[in-house]
There are 2 protein chains.
Amino acid sequence: MREVAAAAGVSLKTVSRVVNDEAGVRPDTAERVRAAIARLGFQRNDLARSLRGGGRTHSIGLVIKDVANPFYSQIARGVEDVAGAGGGLVISGSSDEDPERERRLIRSLCERRVDGLLVVPCGTGHGYLETELALGTPMVFLDRPGDLDVDTVLIDNVGGAREAVRHLVAHGHRRVAFLGDLPKIFTARERLRGYAEALEESGIAYDPAIVRMGQHDVAGAGHVMDELLAVPDPPSAVFTGNNLLTAGALRAIRAARARVALVGFDDFELADLLATPVTVVAHEPADMGRRAAEILARRIRGEGGPPARVLLPTRLIVRGSGELSGPGSGEFIGPEANELSGPVAGDPNGPGCP
Amino acid sequence: MREVAAAAGVSLKTVSRVVNDEAGVRPDTAERVRAAIARLGFQRNDLARSLRGGGRTHSIGLVIKDVANPFYSQIARGVEDVAGAGGGLVISGSSDEDPERERRLIRSLCERRVDGLLVVPCGTGHGYLETELALGTPMVFLDRPGDLDVDTVLIDNVGGAREAVRHLVAHGHRRVAFLGDLPKIFTARERLRGYAEALEESGIAYDPAIVRMGQHDVAGAGHVMDELLAVPDPPSAVFTGNNLLTAGALRAIRAARARVALVGFDDFELADLLATPVTVVAHEPADMGRRAAEILARRIRGEGGPPARVLLPTRLIVRGSGELSGPGSGEFIGPEANELSGPVAGDPNGPGCP
DNA sequence: CTGAAAGCGCTAACAT
DNA sequence: ATGTTAGCGCTTTCAG
């Protein structure tokens with residue numbers, strides 16, 4: 001920049017003004033400066049800029065479980081859109097459900113002085129984050145509440161799960177299995193809760209023999225689905241707790257040529273073209289990312305207020321043209337998006353099973 | 001940091017040494033410093049660090065078309081893994097095939113002084129990048145070559161497409177349609193080329209009536225597939241140029257209850273469970289991300305040499321258990337991964353159709 | 001083993 | 001409309 005100033009015969013500050021489109025520079029001077037910038041291939045250094053000017057880096061950190069999972073990559077896209085609209089950039093990282101990685105990532109992001117943090121917290125024990133918060137880095141939790149009282153954007157896990165099971169029951173199923181993720185994961189527990197609630201309201205006994213928590217990938221879900229198909233009184237339907245588990249279960253069902261109705265949490269591409277008809281608890285991951293990023297942007301701007309709690313709706317969609325079509329196919333069932341002010345539903349530290 | 005130094009009764013430099021785990025600090029002194037750091041909630045500032053120390057930011061920029069597309073999000077994951085292993089972070093952005101957005105993103109990333117750039121270039125006209133290159137930011141192109149002579153990692157588009165069409169021909173199809181993306185996109189042109197080559201070697205005439213370039217999303221692909229099904233002498237098979245087009249075509253075929261064999265470029269989750277049997281030209285997007293990131297890391301470390309050209313293999317996989325199964329189902333067909341040293345195949349500036 | 005001084009590239013706050 | 005001075009938080013260089 002010094003070189004540019006010299007080349008254009010002006011002071012540093014004038015170059016700075018031109019670079020930042022500030023007012024108060026004569027057009028011809030500005031032109032001379034711009035020429036020098038082009039000639040010398042100058043590029044302003046945002047590091048120095050941020051260091052000096054209040055510390056805004058116009059970047060936010062995003063910590064998710066795995067970018068390669070469509071659910072999270074759609075979230076990332078929503079975040080990116082909001083951040084990008086304000087000229088910001090997103091630095092993202094996958095934690096793979098590992099608290100240690102999560103911690104390292106957050107640490108790195110804070111050291112890099114991101115303006116704010118968007119986190120899908122894995123597990124609990126975010127006490128260490130108090131430091132970052134105290135240091136003034138605002139934070140928003142997505143998809144799951146962390147054990148810190150900050151803004152949180154969730155989807156209606158319990159409601160969505162309830163609708164899913166109600167749907168199956170409405171179609172005559174009395175023996176509905178549940179296939180869930182690790183019990184340490186908030187959404188897995190919530191969905192289990194919705195499942196249990198729907199059974200209860202239908203007067204169907206909760207049978208632990210056909211409730212399997214603890215599967216975390218496609219392969220595991222497949223194995224457990226195989227087991228479920230082999231129990232003495234096998235289920236006529238299954239509710240799967242997320243996109244990965246749905247995939248695993250579907251594959252197992254197909255391989256066994258079993259006739260089992262399935263509703264899965266999370267929508268997925270081409271669900272409508274599967275051989276087996278499937279119903280999904282759909283929601284908008286990108287919207288979740290957008291909402292969270294918007295809240296974060298507000299906090300970064302310094303807007304106060306109590307921690308926001310946003311609960312995004314789900315809707316049951318019957319995909320394909322199979323036997324399960326019926327009430328709810330395509331239309332909106334879940335609650336409208338609404339902002340609550342109370343604590344987030346469910347105790348993230350509670351036990352895994354009812 | 002000054003405060004920490006004061007609190008621990010040492011100098012700035014000593015604190016710096018402790019923070020960076022440098023040798024030459026007495027254990028008890030280091031302990032005192034660490035205590036002060038913890039008490040004051042100090043966090044080192046990487047902005048200042050990078051500014052002073054040579055400028056390494058330990059971050060790389062990734063510009064892709066759309067994180068929400070599984071193909072690119074898998075690339076992103078691969079990149080993340082390599083960067084993360086070295087303690088680096090990834091700043092990514094979606095260009096949406098818009099050269100202007102691409103340019104802005106790259107500009108932002110360079111101003112933020114990323115150590116290197118990974119770009120899926122949309123279109124051409126990267127002359128402006130000379131500046132960044134001259135400024136010393138290494139760059140690697142992924143998935144498509146840019147019009148700059150830098151390291152490039154591609155998949156074997158022509159070969160994969162050729163195998164796809166050969167597979168269909170081997171199953172008796174003589175009337176094979178092609179559904180491709182915008183002709184301005186390198187991979188779309190290359191896949192068209194492979195399609196044309198396979199037809200030629202089979203002695204089948206290239207019929208423009210059943211070759212449709214220019215579709216860029218699921219809906220568009222669906223419409224064009226409808227048209228293809230309605231031509232006087234409709235195709236008995238179709239080769240679709242990417243995951244989005246495959247989805248659109250499949251949906252249209254199903255809706256029309258048509259009996260059309262399909263091979264799609266890009267593998268996708270649950271392809272094996274579709275009602276219609278599908279064969280895919282599979283490859284490893286995450287691997288592409290990893291390879292590119294590794295090459296970039298080498299450049300960042302300052303290793304020289306001529307621009308690398310990596311061509312990643314594809315393999316034809318018959319998904320599902322449909323009528324199309326036959327040679328190649330599951331086994332490896334494409335060439336092994338190999339490094340070329342000549343120019344990348346195909347002229348990215350060439351015309352869209354043969 | 002530890003410390004003092006200089007300065008990375010930029011901008012905020014004052015001059016002029 | 002333009003320039004000067006100081007300093008963001010750190011590391012590098014050179015001295016103890």
Side-chain angles (χ1 to χ4, degrees), chain A residues 1-37 40-59 107-115 131-132 135-137, chain B residues 1-34 36-37 40-59 107-108 110-115 131-132 135-137:
Chain A
M1 183 147 136
R2 220 180 28 243
E3 291 175 37
V4 173
V10 297
S11 81
L12 269 177
K13 179 65 205 170
T14 301
V15 178
S16 172
R17 287 203 176 94
V18 172
V19 166
N20 297 301
D21 291 315
E22 276 175 50
V25 182
R26 270 213 325 259
D28 57 326
T29 313
E31 207 34 72
R32 223 160 5 111
V33 173
R34 257 185 282 272
I37 286 175
L40 275 62
F42 166 81
Q43 220 177 32
R44 102 186 147 185
N45 185 329
D46 269 346
L47 264 52
R49 223 170 115 72
S50 299
L51 188 57
R52 190 62 178 99
R56 282 282 93 83
T57 57
H58 301 284
S59 57
R107 176 107 191 272
S108 279
L109 291 166
C110 287
E111 288 180 347
R112 253 152 252 230
R113 294 293 186 269
V114 291
D115 295 340
T131 308
E132 337 296 25
L135 219 140
T137 308
Chain B
M1 183 145 137
R2 218 178 32 241
E3 291 175 38
V4 173
V10 296
S11 81
L12 269 177
K13 178 62 205 170
T14 302
V15 178
S16 172
R17 285 202 178 95
V18 171
V19 166
N20 297 302
D21 291 317
E22 276 176 49
V25 182
R26 270 214 323 260
D28 57 326
T29 313
E31 207 36 70
R32 222 161 5 110
V33 172
R34 258 186 282 273
I37 287 175
L40 275 64
F42 165 81
Q43 221 177 33
R44 102 185 147 185
N45 185 327
D46 268 346
L47 263 52
R49 222 170 116 72
S50 300
L51 188 57
R52 190 61 177 103
R56 283 281 94 83
T57 57
H58 301 285
S59 57
R107 177 109 190 272
S108 280
C110 288
E111 288 180 346
R112 252 152 254 228
R113 293 296 186 269
V114 290
D115 296 340
T131 308
E132 337 295 22
L135 219 140
T137 308

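These numbers come from the heavy atoms of this one structure, side chains and all, not from hydrogens, waters or symmetry mates.
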Colleague: Closer than 4.0 Å, any side-chain N/O of S16(B) to the OP1 or OP2 of dC10(D)?
Modeller: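 It does not, given that no N or O in the side chain of S16(B) lies less than 4.0 Å from OP1 or OP2 of dC10(D).
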Colleague: Which residue in the set T57(B), T137(B), L51(B), L47(B) passes side chain to side chain contact (heavy atoms under 4.5 Å, CB included) when paired with R113(B)?
Modeller: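 In the set T57(B), T137(B), L51(B), L47(B), the residue that makes a side chain to side chain contact (heavy atoms under 4.5 Å, CB included) with R113(B) is T57(B).
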Colleague: Looking only at heavy atoms, which two atoms of V15(A) and V33(A) are closest? And how far apart?
Modeller: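 Reported closest heavy-atom pair: CA-CG1, 4.1 Å.
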Colleague: Name the residue closer to the 5' end of DNA chain C, choosing between D46(A) and G9(B) according to the nucleotide with the nearest heavy atom.
Modeller: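 Taking each residue's closest nucleotide, the earlier one in sequence belongs to G9(B).
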Colleague: Specify the residue among R17(B) and R52(B) whose closest nucleotide of DNA chain D lies further upstream toward the 5′ end.
Modeller: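 First, find each residue's nearest nucleotide; the 5'-ward one identifies R52(B).
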Colleague: How is V25(B) classified with respect to the nucleic acid when contacts are heavy atoms under 4.0 Å: base, sugar-phosphate, or nothing?
Modeller: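 Sugar-phosphate contact only - V25(B) comes under 4.0 Å of backbone atoms but never of a base.
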Colleague: Could you state the atom-to-atom distance from CD of E22(B) to P of dT11(D) in whole Å?
Modeller: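 Nearest whole value for this atom pair: 8 Å.
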Colleague: Heavy atoms within less than 4.0 Å of DNA chain D: which residues of residues 1-8 of chain A have one? Give them sorted by number.
Modeller: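 Of all residues in residues 1-8 of chain A, none places a heavy atom under 4.0 Å from DNA chain D.
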Colleague: Under 4.0 Å between a side-chain N or O of N45(B) and OP1 or OP2 of dC8(D)?
Modeller: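 Result: no.
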Colleague: Rounded to whole Å, how long is the line connecting atom CZ of R49(B) with atom C1' of dC8(D)?
Modeller: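 Taking CZ of R49(B) and C1' of dC8(D), I get 17 Å after rounding.
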Colleague: Would you kindly give the CG-to-P distance between L12(B) and dC8(D), to the nearest whole Å?
Modeller: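 These atoms are roughly 11 Å apart.
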Colleague: Measure from NZ on K13(A) to C1' on dT4(D) and round the result to the nearest Å.
Modeller: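 Computing the K13(A):NZ to dT4(D):C1' distance gives 11 Å.
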Colleague: Does E22(B) have more than 12 heavy atoms from other residues, nucleotides or ligands lying within 6.0 Å of its CD?
Modeller: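 Yes.
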Colleague: Applying salt bridge (Lys or Arg N to Asp or Glu O under 4.0 Å), can you list everything that pairs with R44(B), at least two apart in sequence or on another chain?
Modeller: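 Only E111(A), D46(B) meet the salt bridge (Lys or Arg N to Asp or Glu O under 4.0 Å) criterion with R44(B).
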Colleague: Between which nucleotides of DNA chain C, read 5' to 3', does contact with chain B run, using atoms under 4.0 Å from its heavy atoms?
Modeller: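 The protein-touched segment is dC1(C) to dG9(C).
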Colleague: At less than 4.0 Å, is any side-chain N or O atom of T29(A) found next to OP1 or OP2 of dA1(D)? Yes or no.
Modeller: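 For dA1(D), OP1/OP2 do not have a side-chain N/O of T29(A) under 4.0 Å.
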Colleague: Does a sphere of radius 6.0 Å around CZ in R107(A) hold more than 12 heavy atoms from other residues, nucleotides or ligands, not counting ones at 6.0 Å or beyond?
Modeller: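 Not more than 12 within 6.0 Å, no.
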Colleague: Considering all heavy atoms of both residues, which atom of R17(B) and which atom of V25(B) are nearest to each other, and what is their separation?
Modeller: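 Closest pair (atom of R17(B), atom of V25(B), distance): CB-CG2, 3.6 Å.
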Colleague: For V10(A), which contact category applies under a 4.0 Å heavy-atom criterion: base, sugar-phosphate, or nothing?
Modeller: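 Sugar-phosphate contact only.
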Colleague: Can you work out whether Q43(A) or R32(B) has the more 5'-proximal nearest nucleotide on DNA chain C?
Modeller: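 It is R32(B) whose nearest nucleotide is closer to the 5' end.
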Colleague: Examine distances only and state if a side-chain atom of S50(A) and a backbone atom of G55(A) form a donor-acceptor pair shorter than 3.5 Å.
Modeller: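 The answer is no, because no donor-acceptor pair under 3.5 Å joins these two groups.
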Colleague: Going from CZ on R112(B) to CG on N45(A), what distance comes out if it is rounded to the nearest 0.5 angstrom?
Modeller: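 That separation rounds to 11.5 Å.
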Colleague: State, to 0.1 Å, how close M1(A) and S16(A) come at their nearest heavy-atom pair, and which atoms those are.
Modeller: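 Looks like CE-CB, 3.6 Å.
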